[in-house]
Amino acid sequence: MMFPKLFIPGPTNVRPEVLAEQTLPMIGHRTEVFETLFARVQTKLRRLFYTQSRVYVVAASGTGLQEAAIRNGVRRRVLCTVNGAFGQRWYEVAVGCGKEVVKVDIPWGQAVKPTDVVQAIEREGPFDAVTIVHNETSTGVMNPVEDIAQAVRDAAPDTLIFVDAVSSLGGVKIPVDEWGLDVCLTSSQKALALPPGLALAAVSDRVLERAEEVSGRGWYFDFLVLEKYLQRNTTPATPAISLMWALDRQLDIMFAEGLDNRFARHAQLAEMTRHWAETRGFALFPEEGYASQTVTCVRNTRGIDVGALNQYLRSRGMIISNGYGKLKGQTFRIAHMGETTMADMHTLLATIDEWLEQQG
Ligand code: PLP
């Protein structure tokens with residue numbers, strides 16, 4: 001079977017040496033070897049998330065921690081900002097957790113602005129927390145989280161700020177403490193370039209204090225339980241040990257590249273992809289000034305057959321993504337997250353050009 005190089009917004013390509021870490025023999029998780037691994041990974045994660053607090057790692061995908069944020073941090077009322085499919089997912093998670101949820105709906109393709117959030121707080125607050133997706137993978141919009149967080153802190157200092165950075169963390173700088181984020185969550189299979197199966201979240205002291213007052217936190221995702229075990233360099237339930245080895249190795253690879261270099265590479269890849277799209281007669285789907293650095297959502301102004309293009313690409317060992325849900329056919333998405341290089345992107349774009357020429 002031939003495995004195409006992935007230019008889809010997750011899962012992303014994983015380096016062979018990182019995949020290989022998962023073949024290490026199994027160890028018990030109540031052992032010194034595991035605790036040493038856990039402690040080492042914890043130190044590295046605090047550096048990656050730019051936080052002094054803590055980063056929980058759970059065997060789940062990112063959605064699990066969307067749920068954890070709600071169950072631990074929301075007593076009763078939460079404000080969910082929605083400008084795409086993953087903001088909508090978080091809203092549905094909050095409803096599913098039985099909370100009183102107010103939604104701020106922003107048209108797909110536009111960014112959530114600080115004023116949208118502040119107005120909703122003034123109109124319908126107070127809220128225990130607000131949810132924001134940093135990088136809306138369905139539309140290619142990167143929301144201005146730093147400014148939104150600042151505005152929420154000014155307008156309602158007790159409102160916790162929850163950020164989904166599933167498709168950006170590791171590709172874009174997100175200084176969690178500096179921006180004052182209370183939960184910043186991500187998944188392993190996107191810009192971190194690991195296999196799926198781990199969800200990670202930086203969690204502030206404020207959230208732990210809040211959790212003490214919230215009932216119905218469950219157990220698997222109860223931050224107070226996770227914290228108790230984190231203090232002992234371990235996890236309450238059996239961790240995904242093989243993925244932890246892979247994470248340990250991948251973090252070293254990321255630090256060897258240099259985080260700033262890694263973020264700059266993502267920015268360059270995004271710039272190159274946007275330039276390609278615009279010079280080929282396409283337009284960009286996101287509102288100007290808010291285009292993602294990890295995935296470019298192209299408006300299909302030429303009316304190409306995205307499925308046929310992808311078939312052609314697949315025959316040449318690559319794949320991209322069609323538009324998400326209702327945007328299928330109207331847009332297509334080229335991801336540039338994780339380990340993608342400028343050379344990879346040159347090859348991809350040249351191959352798309354080849355196909356476009358054949359179409360005449
Ligand atoms: N949030 C965003 C922005 C995403 O892109 C995704 C998945 O694509 C999710 C949440 C859901 O993450 P997971 O599939 O890891 O649960």
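Counting starts at 1 for both ligands and their atoms, in listed order.
Donor-acceptor pairing under 3.5 Å is lacking for the side chains of Y290 and Q110.
Under a 4.0 Å N-O distance rule, the pair D252/K44 qualifies as a salt bridge. A salt bridge does not link R77 to D128: none of the charged side-chain nitrogens sits closer than 4.0 Å to a carboxylate oxygen.
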Can you pull every nitrogen or oxygen pair between ligand 1 and the protein closer than 3.5 angstrom?
unit_1, atom_1, unit_2, atom_2, d
ligand 1, 1 (N), D164, OD1, 3.4
ligand 1, 1 (N), D164, OD2, 2.6
ligand 1, 5 (O), T137, OG1, 2.5
ligand 1, 8 (O), K190, NZ, 2.5
ligand 1, 15 (O), G62, N, 2.9
ligand 1, 15 (O), S187, OG, 2.7
ligand 1, 15 (O), Q189, NE2, 2.9
ligand 1, 16 (O), S61, OG, 2.5
ligand 1, 16 (O), G62, N, 3.2
ligand 1, 16 (O), T63, N, 2.9
ligand 1, 16 (O), T63, OG1, 2.5

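In summary, the aromatic rings of Y324 and F332 are positioned with their centroids too far apart to meet the 6.0 Å limit.
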* Asked: Going through the checks in order, is the side chain to side chain contact (heavy atoms under 4.5 Å, CB included) test met by H29 and F38?
  -> CA-CA 10 Å; H29 61 295; F38 184 99; over 6 Å; no
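Applying the salt bridge (charged side-chain N to carboxylate O under 4.0 Å, His left out) rule to D344 yields the partners K5; only residues at least two apart in sequence or on another chain are considered.
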